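Residues take their numbers from the sequence shown, with the count starting at 1. These numbers come from the heavy atoms of this one structure, side chains and all, not from hydrogens, waters or symmetry mates. This is a predicted model, so every value here is computed, not measured. Note that ligands are numbered from 1 as they come in the structure, with each ligand's atoms numbered from 1 the same way.
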Amino acid sequence: MNVDPSPLSHLPGIVAALNLGPGERKPLVKALEGMALALNIPAASVYARQYRDQECFELIEFAHWPVRSLAAGSGVQESWVIGLNELGARDWVRLDTGELLVLPEESGRPEVRLAPVRLDEDLFGLLAFWGRSPMDRGPDFQQFLESCLDLLELWISRENMHHEMQDILRAVPIPTMIEDTKGRITAWNPAMEARTGWKAERILFKGNYIHAVPFYYERRPMASDLMMYPDPEWESVYVEFQRHSQTTSGMSLCPNLPGGPIYFSFDASFCYDINHRLKGVIEFITDVTEEREVRRELRRSESLYRTVTDFAGVGIILFSFSKIIYMNKYVAELLKVPAGSSDIQNLQNLIHPEDYPEVLSQFESLFQAPYNPAQFEFRACPDCGSRHYRGFAGLLDFDEQATIHFIFDDITLQKELAEKARLHELRLYHEDRLTSLGIMAAGIAHELNQPLNTIRVVNDGLKYGMEQNWSLSETELLEELDMISRQVQRMSKVIQNIRDFARGDQAQTLHEVDINQAVENVFSMIGRQLEARGINVHLNLDPNLPRIKANLHRLEQVIMNLLVNARQALQGSARTKKKLWVCTGHQDGVAVFEVGDNATGIPAEIAGNIFDPFVTTKEVGQGTGLGLSISKSIMTELKGDMTFFNNHLNGATFRGTLPVRQK
Ligand code: ADP
């Protein structure tokens, strides 16, 4: 019992209006009886409200002391009824804390004292005492009783709500507290206890804790104070603070919690009492340290990827059917649009109109083969600088929609360099050819000398015969002239071959070519020269050699280089029987030719890089070191290859392979 008995002792009677189930009445009746006896109160009645249905009820007297005569006429007036609105918030607080509430005398109604009745911490009823004897039980008394019961009911529902609120607060996993308008903390839930390590009893109703709650280590008002008494200057002590009409949110650093420093965010909103008067502020606290770290990490990684993509020096675009999802700074600058521009038209504006259909078909091809990224070259629009780009595009699933990831790299310079390199290479071929020609020059004289000699001999013979008046038959004369004509033809063929060789075939067109033919052409130029130097030449040409796709003059240049090298090696060797052979053949779709000699073989010190340019063991004027490197690149160009090995005769054999064209 929380009733202080002293102010009650002078009162003549008690009426207890209770709202109990039958099972709960007994302990209360006992308690009231004890109290009445202790206070020496002459009479007391206990009533309960018994409902007939939802609306309709009657009052049942279920206990009384000590006299039954209490029932006879109370003399209570109608105007004595206590209106609920007579009880203000303060009154409720008093009743809440178990204090007696005195309603002063008013319009003929005597002073009424209301006392809450609590049992096992719960409010069961309200005791009403008033200045007059409650013995008279007239209709006014009935009304008075009813008002008491109304009050009781309201009280109980308020208590229930309070309990429900406590239950909710207990169950809420978010640290929560309520602060009243005086700055007292009135609720501090278990989640809050767990978060702060501070027990509720240490905090609740213990005074103004503005600067003492564990979140604050320095003078700093709580968010609830700032809500109730706005002060923009104080707001600035928070990392974040936003006030709305009914709510406030913010973030602050709390350096001294038991578990270590945290960043916490709070959401606070106003609470009102039943009279819509401001009662306090409820605050929900969330530990956002990790979230903040994650957000920072996210920002950091975003800025990192932006830096990487923006300074990668390549264009990066991410787009779907309808819009550009992302373009890096490189693209935005090229297009002269803001980086966030999502208009898909930008893509068309970027690519040269002549190249656009091809690029589009490359993008479309990604949908047929999603795992095969596309690679292609294109030019930018004249407005975007017309430069050359190599593009890479792949399909990926971004934000649950098919998205094309398109990266492009400026290859204009590369292209220019490649063109320069091509021209340079052409010049080298030409130089190499001239070198070969230089070496051949001596041989050519020999090639031409022989037919010239023959012509001279025939000519001299005819002249001598004329001087001697020899008579020649017409047939004999024609034979002699034929002989001259054949020699002239032979010479012009040699000259033609030399001319072709020297000029090269600038157009680089490929034809169906017979390797044997190339070998024979080269031999027509330098074959005799080899024989004249005592070199025993052996040709073993495959009559069924399939034709290959090549440029005849290039092929001749390769064979010429190999023959010149072999001749030079043989000349420098001490061999008495100098041998040189050329064979051709084919196997497994590959045509092969070999040029071998029995000279010295390839010296070990240059064997590793013999195909590199400018690798030579010859004196200036004798060799440039370009012959083999050019020969190798010609073979590679024709999709073939060239290798070498030191053969069983201790000389070198060079082998060229070329793919046979499949019909
Ligand atoms: P160059 O003949 O102008 O030196 P090459 O690239 O044609 O340039 O040849 C490079 C080097 O390879 C030659 O200097 C020579 O030492 C070696 N070489 C090439 N062919 C033979 C061969 N048949 N026998 C021996 N050495 C060779």
Side-chain angles (χ1 to χ4, degrees), residues 424-444 501-502 504 515 518-519 522-523 525-527 529-531 533-540 553-584 592-638 640-657:
H424 183 66
E425 205 181 338
L426 270 181
R427 203 161 50 80
L428 286 183
Y429 285 140
H430 195 62
E431 274 172 16
D432 178 63
R433 213 167 15 245
L434 291 181
T435 310
S436 304
L437 275 176
I439 293 166
M440 280 162 50
I444 291 166
F501 184 80
I515 299 177
V519 174
V522 174
F523 268 94
M525 288 185 271
I526 64 162
Q529 183 193 145
L530 295 171
E531 281 162 18
R533 281 163 213 261
I535 296 170
N536 184 355
V537 176
H538 182 71
L539 295 187
N540 182 7
H553 295 295
R554 293 235 146 176
L555 206 55
E556 284 173 0
Q557 191 176 352
V558 172
I559 294 163
M560 175 68 88
N561 279 338
L562 298 179
L563 286 180
V564 168
N565 277 348
R567 194 209 73 191
Q568 285 176 325
L570 284 166
Q571 260 183 287
S573 82
R575 291 260 183 210
T576 43
K577 288 189 176 171
K578 300 181 196 315
K579 290 187 184 169
L580 189 158
W581 61 93
V582 179
C583 0
T584 57
V592 184
F593 61 88
E594 277 183 9
V595 177
D597 60 58
N598 67 342
T600 53
I602 305 298
E605 61 272 19
I606 57 162
N609 54 353
I610 196 164
F611 290 114
D612 289 350
F614 309 111
V615 171
T616 179
T617 55
K618 294 168 194 166
E619 285 167 19
V620 181
Q622 285 292 302
T624 56
L626 289 170
L628 287 179
S629 100
I630 287 173
S631 302
K632 172 103 174 172
S633 67
I634 291 173
M635 294 301 284
T636 321
E637 220 172 75
L638 297 174
D641 196 12
M642 175 173 284
T643 52
F644 74 91
F645 54 89
N646 285 334
N647 55 42
H648 65 288
L649 296 178
N650 293 330
T653 300
F654 284 81
R655 172 182 288 159
T657 52

Novice: Under a heavy-atom criterion of less than 4.0 Å, does Gly601 contact ligand 1?
Specialist: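 So Gly601 counts as touching ligand 1.
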Novice: How does Val615 reach ligand 1, if at all, at less than 4.0 Å between non-hydrogen atoms: by side chain, backbone, both, or neither?
Specialist: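 Looking at Val615 and ligand 1, just backbone atoms fall under 4.0 Å.
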Novice: Apply side-chain hydrogen bond (donor to acceptor under 3.5 Å, both in side chains) to Thr584 and list each qualifying residue two or more places apart in sequence or on a separate chain.
Specialist: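 Partners of Thr584 under the side-chain hydrogen bond (donor to acceptor under 3.5 Å, both in side chains) test: Asn516.
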Novice: Just jot down the ligand 1 atoms closer than 4.0 angstrom to any heavy atom of Thr616, in number order.
Specialist: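 So the answer, numbered in order with elements, is 1 (P), 4 (O), 14 (O).
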Novice: Who pairs with Asp641 by salt bridge (charged side-chain N to carboxylate O under 4.0 Å, His left out), at least two apart in sequence or on another chain?
Specialist: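 Salt bridge (charged side-chain N to carboxylate O under 4.0 Å, His left out) list for Asp641, sorted by chain: Lys632.
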Novice: With a 4.0 Å heavy-atom cut-off (strictly under), which part of Val564 contacts ligand 1: side chain, backbone, both or neither?
Specialist: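 No part of Val564 is near ligand 1 at this cut-off.
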Novice: My understanding is that we take every heavy atom of each candidate and find the minimum distance to atom 16 (O) of ligand 1. Doing that for Asn646, Thr617, Asn565, which one comes out nearest?
Specialist: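 Of the listed residues, Thr617 has the closest heavy atom.
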Novice: Heavy-atom distance under 4.5 Å between the side chains of Thr600 and Asn650, does that happen here?
Specialist: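 Side chain of Thr600 against side chain of Asn650, heavy atoms only: no contact under 4.5 Å found.
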Novice: Parallel under 30°, tilted from 30 to 60°, perpendicular over 60°: which one fits the rings of His648 and Trp581?
Specialist: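 The rings of His648 and Trp581 sit tilted, inter-plane angle from 30° to 60°.
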Novice: Could you walk me through whether Ser629 and Asp612 pass the side-chain hydrogen bond (donor to acceptor under 3.5 Å, both in side chains) check?
Specialist: CA-CA 5 Å; Ser629 100; Asp612 289 350; over 6 Å; no
Novice: Is Asn561 in contact with ligand 1, taking contact as a heavy-atom separation below 4.0 Å?
Specialist: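 Under 4.0 Å: no for Asn561.
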Novice: Are the side chains of Lys618 and Asn565 in contact, using a 4.5 Å heavy-atom criterion?
Specialist: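 In short, these two side chains touch, coming nearer than 4.5 Å.
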Novice: Which of these passes side-chain hydrogen bond (donor to acceptor under 3.5 Å, both in side chains) with Gln571: Gln568, Arg575, Arg567?
Specialist: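 Of the listed options, the one satisfying the test is Arg567.
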Novice: What are the atoms of ligand 1, with element, lying closer than 4.0 Å to any heavy atom of Leu628?
Specialist: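 It comes down to these atoms of ligand 1: 5 (P), 6 (O), 7 (O), 9 (O), 12 (O), 19 (C).
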Novice: Geometry only, no angles: is Gln568 polar-contacting ligand 1 at N/O separations under 3.5 Å?
Specialist: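 No, since none of the N or O atoms of Gln568 sits under 3.5 Å from an N or O of ligand 1.
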Novice: Does ligand 1 have an atom under 4.0 Å from some heavy atom of Phe654?
Specialist: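 A heavy atom of Phe654 does come that close to ligand 1.
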Novice: So if I count the atoms of ligand 1 from 1 in the order they appear, which ones are less than 4.0 Å from some heavy atom of Ala569?
Specialist: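 Counting atoms of ligand 1 from 1, those under 4.0 Å from Ala569 are 22 (C), 24 (N), 25 (C).
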